[in-house]
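Working notes for the structure below.
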Amino acid sequence: MQEFSDEEFCGNISAARKAALDGPVFITEQGVRTHVLLSASEFDRITRRDPLVSDLLTANDGLDYELDIPPRTYDERHIDL
């Protein structure tokens, strides 16, 4: 992790962007961290979530989902213990 003061960051944005490829870059103002610069791939990685079933079923992707659920049976089951 690297740290840039706000003056250093403004004076050399390309160095901060390059440093962000290796990990988070903290930007400070009067010695206090105020912002964090991340690469886009790192941001995507930490904010990614797996889709919920409801998201997939309500997606307007033009696909037709069909769920084949067999009918419920109430047959008596014999279990040997």
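Note: hydrogens, waters and symmetry copies are ignored here, and every other heavy atom, side chains too, is used.
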Acceptor/donor pairs from residues 4-20 side chains to any protein atom, 3.5 angstrom cut, sequence neighbours excluded:
residue	atom	partner	partner atom	Å
S5	OG	E7	OE1	3.4
S5	OG	E8	N	3.1
S5	OG	E8	OE1	3.4
E8	OE1	S5	N	2.8
N12	OD1	S14	OG	3.2
N12	OD1	A15	N	3.3

| field | Sole residue of V25, T47, I46 in side chain to side chain contact (heavy atoms under 4.5 Å, CB included) with L38 | value | I46
| Interatomic distance, E3 atom CD to I27 atom CD1 [nearest 0.5 angstrom] | 10.0 Å
| Do you reckon V32 sits in the same ILVMFWY cluster as F26, going by side-chain contacts under 4.5 Å, direct or chained? | no
